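Here the structure comes first, spelled out in structure tokens, and everything after it is commentary.
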Amino acid sequence: MASPRTITIVALSVALGLFFVFMGTIKLTPRLSRDAYNEMKRAYKSYVRALPMLKKMGVSSILLRKSIGALEVACGIVMTLVPGRPKDVANFLLLLLVLAVLFFHQLVGDPLKRYAHALVFGILLTCRLLIARQPEEQPPEKRILSVNGDEQPLIDEAAPEKGKLKVS
């Protein structure tokens, strides 16, 4: 049976992956929701206006929106489908992306209700990454005590199992 830690990591990975695939797709195409797509276009225009440095580097609002959307879709797919280390890399990239989006929202002065979802999903990404990076609990090793040349298990391991009598 899978450990609670494994179940938690898988559940968070799938949920977060699907969320970012959905949000990235909204940034890339109006097929899912024309209103949300238009809102994203408007928001990214305000982000680029608030950061003139992006304009100087040749980054338009369209390029910024499509780059972030494509990165969200790619990392979301990895989080949902790919096992192992790539999930952690995708998790970390998405966390950096969420921090950038939170910075953009603060820069343009958006109210909390406009970016609360990014804050919540940033916390979830952080939790998933922390849980995934924790070392797996190993079963305790049997420790042996040597007394007068005789090896005996330590007292904790020497105790009889529950429901069984120790006969000497």
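All values derive from a computational prediction rather than experimental measurement.
- In the hydrophobic clustering of ILVMFWY residues, with side-chain heavy atoms under 4.5 Å counting as a link, Val14 and Ile9 come out apart.
- Among residues two or more places apart in sequence or in another chain, the side-chain contact (heavy atoms from CB on, under 4.5 Å) test is passed with Ala11 by none.
- Note on Val78: it does not cluster hydrophobically with Met23, by side-chain heavy-atom contacts below 4.5 Å among ILVMFWY residues.
- A salt bridge (charged side-chain N to carboxylate O under 4.0 Å, His left out) check over residues 62-81, counting only residues at least two apart or in different chains, returns the pairs Lys27-Glu72.
- We find the NZ-OG distance between Lys55 and Ser61 to be 6.5 Å, quoted to the nearest 0.5 Å.
- Listed by chain and residue number, Ser3 satisfy the side-chain hydrogen bond (donor to acceptor under 3.5 Å, both in side chains) test with Thr6 (two or more places apart in sequence, or in another chain).
- Side-chain heavy atoms closer than 4.5 Å link hydrophobic residues (I, L, V, M, F, W, Y) into clusters, and following such links, possibly through other members, connects Leu64 to Leu51.
- With sequence neighbours excluded, the residues that form a side-chain contact (heavy atoms from CB on, under 4.5 Å) with Ile77 are Val21, Val73, Leu81.
- Judged as a ring pair (Phe, Tyr, Trp, His ring centres under 6.0 Å), and not counting sequence neighbours, the contacts of Tyr47 are Tyr44, Phe104, His105.
- Here the shortest heavy-atom pairing between Leu107 and Ala50 reads CD2-CB, 3.7 Å.
- Evaluation of the side-chain hydrogen bond (donor to acceptor under 3.5 Å, both in side chains) test over residues 14-26, restricted to residues two or more places apart or in two chains, returns none.
- Looking at every heavy atom in both residues, Cys75 comes nearest to Leu94 through CB-CG, 3.5 Å.
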Give the C-alpha distance, both sets of side-chain angles, the deciding distance and a yes or no for side chain to side chain contact (heavy atoms under 4.5 Å, CB included) between Phe121 and Val101. CA-CA 12 Å; Phe121 281 94; Val101 168; over 6 Å; no
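- Sorted by first and then second residue, the salt bridge (charged side-chain N to carboxylate O under 4.0 Å, His left out) pairs involving residues 123-135 (not counting sequence neighbours) are Asp88-Arg128, Asp88-Arg133.
- Linking Ile, Leu, Val, Met, Phe, Trp and Tyr whenever their side-chain heavy atoms come within less than 4.5 Å leaves Phe20 and Tyr37 in two separate clusters.
- Atoms OG and CG, on Ser13 and Asn91 in that order, are 7.0 Å from each other to the nearest 0.5 Å.
- Here the closest non-hydrogen pair linking Ser46 and Ala43 is OG-O, 2.6 Å.
- The salt bridge (charged side-chain N to carboxylate O under 4.0 Å, His left out) test applied to Arg31 returns no partner, not counting sequence neighbours.
- Considering only residues two or more places apart in sequence or on other chains, Arg34 meets the side-chain hydrogen bond (donor to acceptor under 3.5 Å, both in side chains) condition with none of them.
- Remark: Arg42 pairs with Glu39 by the salt bridge (charged side-chain N to carboxylate O under 4.0 Å, His left out) rule, at least two apart or across chains.
- Sorted by first then second residue, the salt bridge (charged side-chain N to carboxylate O under 4.0 Å, His left out) pairs that include residues 101-113, not counting sequence neighbours, are Asp110-Arg114.
- Other residues, nucleotides and ligands contribute at most 12 non-hydrogen atoms within 6.0 Å of the CZ atom of Phe22.
- The two residues Ile26 and Met40 make their nearest non-hydrogen contact at CG2-CG, 4.0 Å.
- Expressed to the nearest 0.5 Å, how far CG of Leu95 lies from CD1 of Ile123 amounts to 10.5 Å.
- At most 12 heavy atoms of other shown residues, nucleotides or ligands fall within 6.0 angstrom of atom CD1 in Ile62.
- Rounded to the nearest 0.5 Å, atoms CG (Leu129) and CG (Leu124) are 12.5 Å apart.
- Within the structure, the salt bridge (charged side-chain N to carboxylate O under 4.0 Å, His left out) test picks out no pair touching residues 91-103 (sequence neighbours left out).
- Both Leu71 and Phe103 belong to a single network of hydrophobic side chains, linked directly or stepwise wherever heavy atoms of I, L, V, M, F, W or Y lie under 4.5 Å apart.
- Taken from CG in Leu125 to CG in Leu16, the straight-line distance is 5.0 Å, to the nearest 0.5 Å.
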